[in-house]
Every structure is written in structure tokens, then in C-alpha cells.
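Notes for the one structure printed next.
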Amino acid sequence: MSILTSRRSFLRAAGALGVSALAGPGAAAPRSGDFRADAALLAHAYRSLHPGLFRYAGPAEWEARFAGLDRALERSNSLDEVYLEFARITAAVRCGHSYPNFYNQSEKIRAALFERRDKLPFLFRWIGDRMIVTRDLSPAALAPGTEIRMIEGVDARMLLRGLMPLARADGHNDAKRRQILAVNAIDRFQAFDIYLPMQRPALLARGSVQILATQPDGVPRHLELPLVTATERHAAVPPIDEQPKDAALWSLEYKPGGIACLTMPSWSVYNGSWDWRAWLETRLDTMATDGTRALIIDLRGNEGGLDCGNPILARLVDREITPVRSARRVRTQRVPDDLRRHVDTWDKSFYDWGDRASGPRTDGFYDLIERDGDANGGMTIRPAGKRFRGKVIVLTDASNSSATFGFVQLLKMSGLATLVGNTTGGNRRGINGGAFLFLRLPISGIEIDIPLIGYFPPDAQPDAGIIPDLCVDESAVDIAAGFDRGMAIASRAALDA
């Protein structure tokens, strides 16, 4: 398992659902104010366990935030309002692994909140603060590159501004937040789909929306578009994380000039039966011996999962290399007894680190020691398999924030590849992950992910992602023309090998 595990690591829909409003016939709905108990439990769990709580804000600021959450939930009457408040306060941690995880909610929560007819009938991305259509699923035939200017009379830029405080990302990496708030063909659950109806319920209440759009040729269009359900959208554009269990998630294409292009939109491969390692090793063997001149690895859209980049790294090195040796720290040696019944996980050792957690330190943290005695977050890469001696180009974007962030960071440090694209997600100041508890709040039934291990670099680092060697300026014009500028620049760099 990656030391920087993806948010989709474990799809744990099973588990206790505590919301009495959803519990079944005859159950009494929670009254206004009842949800405050969930706020208190979350505050206690975060104070006790979250290693990144004070990375960007101090204790006094967090006590004020917890008090604000208590006041907000005293007034909340609906599950939508409660979910939104938990999204807001977990996003304030500025941790890409902390949020009410869409994938870990119970089926009843999902049915109540995620499966309504309130989704826009097109895919889009944010270029700056502009909403640009990438694929239309409506009868309106919106061309790729169309800019959506207004929805129900509300400026799309205002929608983005209101949603940004709800989007999970590490530090002040707002490019990651904009990426999270796009609607793509990768994820089953989309933050925009879930948070917008909660934040602006009247906007999407009619079953259709009026939009003002500007076509790629500059002509404005006023349209009425029908809203869809997530199921209807998935039928038209199946997300990657709903592929068959044995489906190959990656592809390898050969381009002129001896260039191989390995497309890896996801490393979330743990729930399937596809033997990804054998698939990858076979192709790496072939490339090492067939005269392949350069390898382009396309990681755009790939947030992480398992450390699928390690077999590639092992083919690029002649000697051992170790990633940035970040300190690994936890907040406590064992989970407090009063929290145990509210959390679950996949590895019981996370409940009690025992003598692996050394301390406490003067700052209250414990140093987490690996079973081999290593106290840092480094994972040594050793040469293995047939050596690939061609040039390596890696396409990056703001999605790369977990295992892919670690992979890109090592490539940047070692100079093993040329990075092309956009600044990654994640944060050079350190992120949180590696081990998780799933906190189930008893009144609402909402689940919150809590990462347990904080990674702290040895030296002061900027509050930013990793900047590529060759940056790519995205544009609506390229989307309209179907031109992949990032791939074009990567291909030119490969031909220069």
C-alpha cells in the first residue's frame, strides 16, 4: 500500500448508519441541534488524531472553527446542510485526504444525497475561473471549448468561488481545488455534483437549468438544459472507477520516432482482479529491448492509489535511490478508548502503534518507526528488471496529489525524467496519509476520513505543488480544436532525446 494512499483506497460502504432519520419506518428524525453531538465528536477525533491539523492554522484558530461548526449544526435541519458543514470544516484543514469521503458513505446516505436529478448534462473543466465544456451529453450540442457563463442567472465564476472552500487539497494549492471541482470521466462521484445542490438548492430544483454560453466562435447562446442523474451520465460516459474488475486501466501506444506513450489515468488498482504489475512488467521488458527511444508517461487526471510507479523507477536506475526523507509523525500512540467504537479501518495496528510510535516529542507528536527501523518516509528504489535507457517524459497536472505526487517528486529530485504539463497537487510542505481511520458520526451517519500519518520534510519547503520542467498553458481554443498541447510538447521533448 502506498505511503500516500489515495482517497479511493478502500470503498467501505458497509458500516453502521447512525442517522435515525434514515434508519427505517417509525424512526424519529433528529431535531435541530441534535447534530451538535457529531460536531463535538469530530472535534475530539481531529484534536486527538489528525497529524496535519495545525500545519496551516494554530490551536486558537481551530477552537474558533470548532465553535463555529457547533453553532452551524445547532441551526441545521437537513442532512444536506450537515454534510456541507462537515465538508467545509474538513476542507479547512487543507489536507487532500480529509473530507466526508463520497466513496465511504453508506448506501442510504448516498441514495439520500448523491443520486438525485440535479447534475449538469455536460463534462467540463476550469481554466482559471472559466467553466469550459469538454463533452456535451445534452440535446443542445454544446461544442467542446464552449464557455458556460451563467447558470440560472448566476455567474459561473461566482459558483466556483463559493465551492472552493469545500474542496479538499493540500495547503494553498488552489489549482488542485479547481481540478477537484471539475466534472470529468474519471470519478464516479464528483465534488461539484454533490456540493453545488447542497450549497444552492434552488439553483437546481426545477429539473432543468437556463444557461448562458459562449461558443468557441464567440457567438452567445441562451439554452434550457435538462438535468440528469449520475446514473444517466455514467451510462453515457462510464467513469474509470466503474470499469469491470478485470479491465486493464492503462494503455500503451507507439508513436512515430520510436516513442512509446503509457497512459495511466488511475493507480486505484487494489479492488480489481487485473494483474497490473504483470501487464506493466511485460511492456517495460519489451521497451527495454525493442529500440524504444523515449517513453511518455501520461499521469494527467491520476490522483494516486498504489505505488504503481515503483516498477518503472526500478527500470530507470543503476543504483539505489531514496525519496525525500520526510519525517513520519502521529499524534498519539493509541486511539483513545472513547473513539474506538466510532472508527474502523482495514489494519488493526492503526489503533495502537505500540513501540513503533516513539515519544512524545516536545511538539506533542510521536515519531513513527517503520518495522524495519526506518523513521523516515523514504522508500528505497533498487534496480530491477531490464534497464530502460531511453528518455522519459512525464505529463503532470493538479490531480497528482497522493501516490502520483510522491512519484513525480522523486523524478524531480533525481532528474530521471522531464516533467511536462501543470503544477501538481499535493504540497511540498508535506501531506498526510499512509494510514486512515474512518469516523462514523452517530447522529447524521456521515463518514469522515482521518489520515493518521503526517509527512514532514527535513527543510522548510514552499506551500506549493511540484512545478514541471516544461509548463503548458491550457486554453479553451485547444479544447475546441481537440488539440492536446501537453502531449504535443511532450512528444517534441521526446524527439529531442
Handout entry: Other residues, nucleotides, ligands: >12 heavy atoms within 6.0 Å of Asp363 CG
Key =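 Enclosed: over 12 neighbouring heavy atoms sit under 6.0 Å from CG of Asp363.
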Exercise for the section: Would you indicate whether Asp318, at its atom CG, is surrounded by more than 12 heavy atoms from other residues, nucleotides or ligands within a distance under 6.0 Å? Expected result: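 Atom CG in Asp318 is crowded, with more than 12 foreign heavy atoms closer than 6.0 Å.
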Exercise for the section: Could you walk me through whether Leu181 and Leu196 pass side-chain contact (heavy atoms from CB on, under 4.5 Å), step by step? Expected result: CA-CA 10 Å; Leu181 292 169; Leu196 184 64; over 6 Å; no
Answer yes if the ring centres of [X] and [Y] are under 6.0 angstrom apart, and no otherwise.
{"X": "Trp126", "Y": "Phe124", "answer": "yes"}
{"X": "Trp62", "Y": "Tyr46", "answer": "no"}
{"X": "Tyr99", "Y": "Tyr83", "answer": "no"}

Does any non-hydrogen side-chain atom of [Y] lie less than 4.5 Å from one of [X]?
{"X": "Ile466", "Y": "Phe405", "result": "yes"}
{"X": "Asp298", "Y": "Met264", "result": "no"}
{"X": "Tyr366", "Y": "Ser358", "result": "no"}
{"X": "Phe407", "Y": "Asn310", "result": "no"}
{"X": "Leu299", "Y": "Leu395", "result": "no"}
{"X": "Pro468", "Y": "Val394", "result": "no"}
{"X": "Val420", "Y": "Thr396", "result": "no"}
{"X": "Trp274", "Y": "Lys245", "result": "no"}

Indicate yes or no for a side-chain donor-acceptor contact from [X] to the backbone of [Y] under 3.5 Å, with no hydrogens or angles considered.
{"X": "Thr345", "Y": "Phe436", "result": "yes"}
{"X": "His50", "Y": "Leu452", "result": "no"}
{"X": "Asp170", "Y": "Asn427", "result": "no"}
{"X": "Arg283", "Y": "Trp279", "result": "yes"}
{"X": "Thr332", "Y": "Val335", "result": "no"}
{"X": "Asn104", "Y": "Phe438", "result": "no"}
{"X": "His97", "Y": "Gly433", "result": "no"}
{"X": "Asp129", "Y": "Arg157", "result": "no"}
{"X": "Asn173", "Y": "Ala398", "result": "no"}
{"X": "Asp193", "Y": "Phe114", "result": "no"}

Are any of the side-chain nitrogens in [X] or [Y] under 4.0 Å away from the carboxylate oxygens of its partner?
{"X": "Arg75", "Y": "Glu85", "result": "no"}
{"X": "Arg440", "Y": "Glu447", "result": "no"}
{"X": "Arg329", "Y": "Asp367", "result": "yes"}
{"X": "Glu74", "Y": "Arg71", "result": "no"}
{"X": "Glu281", "Y": "Lys386", "result": "no"}
{"X": "Asp469", "Y": "Lys412", "result": "yes"}
{"X": "Asp174", "Y": "Arg177", "result": "yes"}
{"X": "Asp285", "Y": "Arg315", "result": "yes"}
{"X": "Lys176", "Y": "Glu303", "result": "yes"}
{"X": "Asp397", "Y": "Arg125", "result": "no"}
{"X": "Asp338", "Y": "Arg341", "result": "no"}

Using distance alone, with no hydrogens and no angle criterion, decide if [X] and [Y] have a side-chain donor and acceptor under 3.5 Å apart.
{"X": "Asp463", "Y": "His172", "answer": "yes"}
{"X": "Ser349", "Y": "Asp347", "answer": "yes"}
{"X": "Ser399", "Y": "Gln179", "answer": "yes"}

Return the minimal non-hydrogen interatomic distance between [X] and [Y], and the atom names on each side.
{"X": "Pro311", "Y": "Asp307", "answer": "CD-O, 3.9 Å"}
{"X": "Ala45", "Y": "Ile450", "answer": "CB-CD1, 3.8 Å"}
{"X": "Lys391", "Y": "Thr418", "answer": "CE-OG1, 3.7 Å"}
{"X": "Trp250", "Y": "Ser266", "answer": "NE1-O, 2.8 Å"}

Practice task
Drop me the distance from Phe86's CZ to Asp38's CG, to the nearest 0.5 angstrom.
Solution key: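 Rounded to the nearest 0.5 Å, the CZ-CG separation comes to 4.5 Å.
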Exercise for the section: In sequence, state the C-alpha distance, the side-chain angles, and the governing distance for Ile89 and Phe66, and then conclude on side-chain contact (heavy atoms from CB on, under 4.5 Å). Expected result: CA-CA 8 Å; Ile89 197 163; Phe66 288 137; 3.7 Å; yes
Practice task
Tell me, with the steps shown, if Tyr351 and Leu437 meet side-chain contact (heavy atoms from CB on, under 4.5 Å).
Solution key: CA-CA 9 Å; Tyr351 294 129; Leu437 293 181; 3.8 Å; yes
Exercise for the section: Apply side-chain contact (heavy atoms from CB on, under 4.5 Å) to the pair Leu113 and Ile194, showing each step before the final yes or no. Expected result: CA-CA 7 Å; Leu113 298 181; Ile194 290 168; 5.9 Å; no
Practice task
Identify whether NZ of Lys or CZ of Arg in Arg331 sits under 6.0 Å from the centre of the six-membered ring of Phe365 and within 45° of that ring's axis.
Solution key: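 Yes; both conditions hold, so Arg331 lies above the ring face of Phe365.
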